[in-house]
Amino acid sequence: MIMIICVAQSNCYNATAAKADVGVILDLNQTIGKIFKTCISMAIEDFYYNRSYKTMIVPHFRDASSGAVAAASAAIDLLKNTQVMAILGPQRSIQADFVINIGDQVRVPIVSLATSPFLSPKESPYFIRSSWCSASQAKAIAAVVKNFGWREVVFVYEDTNYGSGLVPFLTEGLLHSNALVSYQSIVSPAAGKDQILLELYKLKTMQTRVFVVHMLPALASHFFQMVKEAGMMEEGYAWIISDVLTSLLDSVDSGTIGAMQGVLGVKAYIPKSEDVKRFTKRWSKRFHKENPEMERTELNVIGLWAYDSITTLAEAVERVGVASPRFKKPIQSWNLTDLEAIGTSNNGPSLAPLIRDYKFKGLSGDFNITNGQLQPSAFEIVNVIGKGDNTVGFWREKYGISKELKPDDHKAVHSAEKDNLRGILWPGQTSIVPKGWEIPTSGKKLRVLVPVKKGFTEFIKVGRNPETEAVEPTGFCIEVFKEVMKSMPYAVQYEYFPFEKPDGHSAGNYNDLVYQIYLENYDAVVGDVTIVANRSKYVDFTFPYIESGVATVVPIKDNERKNAWIFMKPLTTGLWLTIGAFFVFTGFVVWVLEHRVNKHFRGPPMQQVGMILWFSFSTLVFAHREKVKSNLTRFVVIVWVFVVLVLTSSYTANLTSMLTVQQLQPKINDFYYLIKNEEYVGYQEGSFVSGFLMDSMKFDSSKFRSYSSLEEYDEALSKGSRNGGVGAIVDELPYIRLFLSKYCHKYTMIGPTYRTSGFGFAFPKGSPLLPDVSRQILNLKEDEKMLRITNPWLGEEGCTSSDGTVMTSESLNLDSFRGLFLIAGLSSSSALLAFLSIFMCENWCILTSTTPIKQKIYGLARVFHQAKDSILSSTEATTPGPGGIEMAQSPAISISCQEGMFSQDEGYSTTEPATPIHHDT
């Protein structure tokens, strides 16, 4: 027997239906959350009214008005304590992001109306977006811009993921429509009245007059009231709002609607069917009964999407059924978090695919969910007039913009004519279409303060127009500032003010100059102002437009080309001594190898010593004429000639460099020499360098002397510390390079260089102009424009390299030729060792004789001293002479290896050879 339980309003439900718990997470403090709740409750009642189903959805509402953490906590509570089969919501994108991750882990479908493109159903298998993604409206907005022929728009959005999510899609859509986003204005959701007005005044100075606004109603309500106050809801302006704000205009207060008169907007189109009309009446009656404090609230498309979402979920639950148990618990039960202890849903894996691909005819029209995403169809274009919005046209991707919604079988014809839309009332209560841009004539002029200085006018010089007496500064810094202002995405009007006393002199140093911004006397400082830490406490600096650092300039020594001994400079003393030693050693080796076989290396002792020195040194100019006979000698000479060739080439090259390259040797090589010798140091008047020398370098301030021009620098350095001048000038690199470009033959820069942040323009703290100016400076530095500005004013660098190093030629040292001498030494030593080995083998009998060592050495010396050809001729000593009579031994026989050659008593034989006997024939 089927039991029927009848409840109030005569709605009857099947009492035997399985209970399907569903969680609903809403922001019940907001109007949209209350609209959702009423629509969801009515959808459940309508779905089960007078029908017999096996399952029945039971909603469990949770409030997430506290934020993302509250939404995540509500989701965990619903999963753990209620074991819900699915969760509907939350409505805000930042909250949905948390809940979607939880749903993926426990395999529970999350059906949310969050519209942010950052949430992708493709990446989360259990996430179903039952609303149109906000990215889908980008093409519709671009079509509106193209329809009126506008080429540039300013995109204003709130500083959240929801706001920034539309940026890439709108930019791309406008590019396809031959338009572009000329500027992006980001407004914080917590921005106050002054901050919004400051941003609006900046937008007001731009040439672009078309603004696209992408904000949630809470911030948009405050923003448009400030727009009205800033005078930007007048003729010539065009404002376009995105779909969420347009769809929720009914929930905006009347004051905001009054400030938005003439605004265009796009929103999802909902067919006005009879079902929708009947439901709207029922909903209005019930909503105001449940929320009597809410006076003016209308049903919108988001409420209808919530209604259709519950219908889809109920149908899917009916098909899948309710599993028991609902969750599969983890096997391990210790050390688990609340989320891990929940386990995974037994219904989710079969329920999610049904919802992710579902299509039916709902109250909102064709409710088509494909791959987890509700597919958009047509956008309605509305114009805010009076107390609400007025439809002026439609947009579909297939047909473009039209006054009436085209049927599906209509021929697709895109058109960009302005009359494709119905009559529009623009801001200023005019029907004239804004042209989209205007040369700004209103707006506050920027008060720019410039320094006054006597010297270094290449950087900045204050002059006046002789007719109007207006301040007209010139110089490198001014040219950079003008180029930056010219390239800004909006027009900035400015005028210059000199920082001077009534007598025309400077009113203070650069710290005083920058402090004027902190005192709110001026809006910017333009000049050669260095970015330093103590100044940044009071102002904000732009990105540096020229790099800088602190370095030292000193006089140079007299030119070393006047030195009579400069020919010795190419090589160090150690290298000279090494070369001389190798000359003697190589000559000795050659003499040893050639003495026995070459007559040129024989003779009196002094002649042989001279030959040793002559032969090796003559190879310097390859003037040796003696022919060598030994192969070992040839090997040694070949290697030595190569060594000499390398040495002479290196010497010649370095000597040439020393004689031709300008030698800029500084008189002072070390900055600390100045401190040690109590030298006077000069710096530029008004610069921060004096403080740097005292604080960082611990320099005595009594040794400081300030100057204000390049000529004064030159005069002071020429005099020197002892004659009323200075021993060095300490200044920033841009000034030093300018100074050296004129006096590079008298002075040079020494290290070290202490890096600073460079020159920048100063603005008040938090100035909205600062990011745009810095961005344009970066663009300028990456372009050739900066080079074209720099060269005419600062010129090209003179005698120094870019880092200030001096061009010098140093003496060559032994380390540069260590390998070369190693090769020469090994080759000569190897040849000498080979010769000695052969010589010892040939005279082995002398070494093995029983005579004393002294006699052995003497005998070997006699053998070495004798020419080798005379020794060989001694073998003919016993050859029969004429007439058969044997000839006596030659003189060489006395030192040959014959039996009885040595006498134990007499020693080495010195007997003269017998005179040959000649017989008369």
Side-chain ion pair, Lys204 and Glu234, N-O less than 4.0 Å:
no
Taking Asp63 for the side chain and Asp27 for the main chain, is one N or O donor matched with an acceptor at less than 3.5 Å?
no
Enter the distance from Met226:CE to Leu197:CG here, rounded to the nearest 0.5 Å.
5.5 Å
Worked check of salt bridge (charged side-chain N to carboxylate O under 4.0 Å, His left out) between Glu479 and Arg788:
CA-CA 10 Å; Glu479 291 300 319; Arg788 292 198 296 268; over 6 Å; no
What's the shortest heavy-atom distance between Ile257 and Gly388, and which atoms?
CG2-N, 4.4 Å
Decide yes or no on side chain to side chain contact (heavy atoms under 4.5 Å, CB included) for Tyr399 and Phe394, but give the supporting numbers first.
CA-CA 9 Å; Tyr399 306 115; Phe394 302 90; over 6 Å; no
Between Arg422 and Glu404, does the side chain to side chain contact (heavy atoms under 4.5 Å, CB included) criterion hold? Intermediate values first, please.
CA-CA 9 Å; Arg422 301 170 190 168; Glu404 304 293 339; 2.9 Å; yes
Do the charged groups of Arg209 and Glu152 touch, with an N to O distance under 4.0 Å?
no
Check the side chains of Asp253 and Ser221 for a donor-acceptor pair under 3.5 angstrom, ignoring hydrogens and angles.
yes
In terms of ring plane angle, is the pair Tyr237 and Phe211 parallel, tilted or perpendicular, where the classes change at 30° and 60°?
parallel
With a 3.5 Å distance limit and no angle check, can you tell me whether Asn383 reaches the backbone of Val263 through a side-chain donor-acceptor pair?
yes
Are there over 12 heavy-atom neighbours, none belonging to Tyr269, within less than 6.0 Å of that residue's OH?
yes
Under a 3.5 Å distance rule, please check whether Arg356 uses its side chain to pair with a backbone N or O of Pro121 as donor and acceptor.
yes
Distance only, no hydrogens: is a donor on one side chain within 3.5 Å (strictly under) of an acceptor on the other, for Ser124 and Asp104?
yes
Distance, nearest 0.5 Å, that separates CG of Asn300 from CD1 of Ile32
4.5 Å
For Tyr518, does the OH atom sit with more than 12 other heavy atoms under 6.0 Å from it, leaving out its own atoms?
no
Check whether more than 12 heavy atoms from other residues, nucleotides or ligands sit under 6.0 Å from atom CD of Glu495, and answer yes or no.
yes
How close do Arg396 and Ala378 get, counting heavy atoms only, and between which atoms?
CG-CB, 3.4 Å
Heavy atoms of Pro90 and Val99 approach each other most closely as CD-CG2, 3.8 Å
Any Leu769 side-chain heavy atom under 4.5 Å of Leu446 side chain
yes
Counting only heavy atoms not in Ile94, do more than 12 sit closer than 6.0 Å to its CD1 atom?
no
Yes or no on side chain to side chain contact (heavy atoms under 4.5 Å, CB included) for His214 and Val212, after CA distance, side-chain angles and deciding distance?
CA-CA 7 Å; His214 182 53; Val212 177; 5.7 Å; no
Apply the test salt bridge (charged side-chain N to carboxylate O under 4.0 Å, His left out) to residues Glu172 and Lys139: give CA-CA distance (whole Å), side-chain angles for both, the deciding distance (0.1 Å), then the verdict.
CA-CA 9 Å; Glu172 182 181 2; Lys139 293 182 179 180; over 6 Å; no
Does atom NZ of Lys765 have more than 12 heavy-atom neighbours, drawn from other residues, nucleotides or ligands, at distances under 6.0 Å?
yes
Say whether Ser116 and Asn161, considering side chains only, have a donor N or O and an acceptor N or O under 3.5 Å apart.
no
Do side-chain atoms of Thr246 reach the backbone of Val266 as a donor and acceptor pair under 3.5 angstrom?
yes
Rounded to the nearest 0.5 Å, how far does OG1 of Thr391 lie from NZ of Lys267?
6.0 Å
Rounded distance (nearest 0.5 Å) linking atom CG of Leu200 with atom OG of Ser185
7.5 Å
Does Tyr545 have its ring centroid less than 6.0 Å away from the ring centroid of Phe761?
yes
Ser177 and Arg151: which non-hydrogen atoms are nearest, and at how many Å?
O-NH1, 4.3 Å
Under 3.5 Å donor-acceptor, Gln137 side chain and Ser134 backbone
yes
Passing candidate, side chain to side chain contact (heavy atoms under 4.5 Å, CB included) with Ile777, options Asp772, Ile546, Val484:
Val484
Flag, side chain of Asn368 to backbone of Lys359, donor-acceptor distance under 3.5 Å:
no
Check the surroundings of atom NZ in Lys122: do more than 12 heavy atoms from other residues, nucleotides or ligands lie under 6.0 Å from it?
no
Say you draw a straight line from CD1 of Ile369 to OG1 of Thr312; how long is it, rounded to the nearest 0.5 Å?
5.0 Å
From CG (Leu26) to OG (Ser65), nearest 0.5 Å:
10.5 Å
Please work out whether the ring planes of Phe155 and Tyr157 are parallel, tilted or perpendicular, with thresholds of 30° and 60°.
tilted
Is the backbone of Ser774 close enough, under 3.5 Å, to the side chain of Thr542 for a donor and an acceptor to pair up by distance?
no
Closer than 3.5 angstrom, by distance alone: can the side chain of Asp97 be matched with the main-chain N or O of Leu119 as a donor-acceptor pair?
no
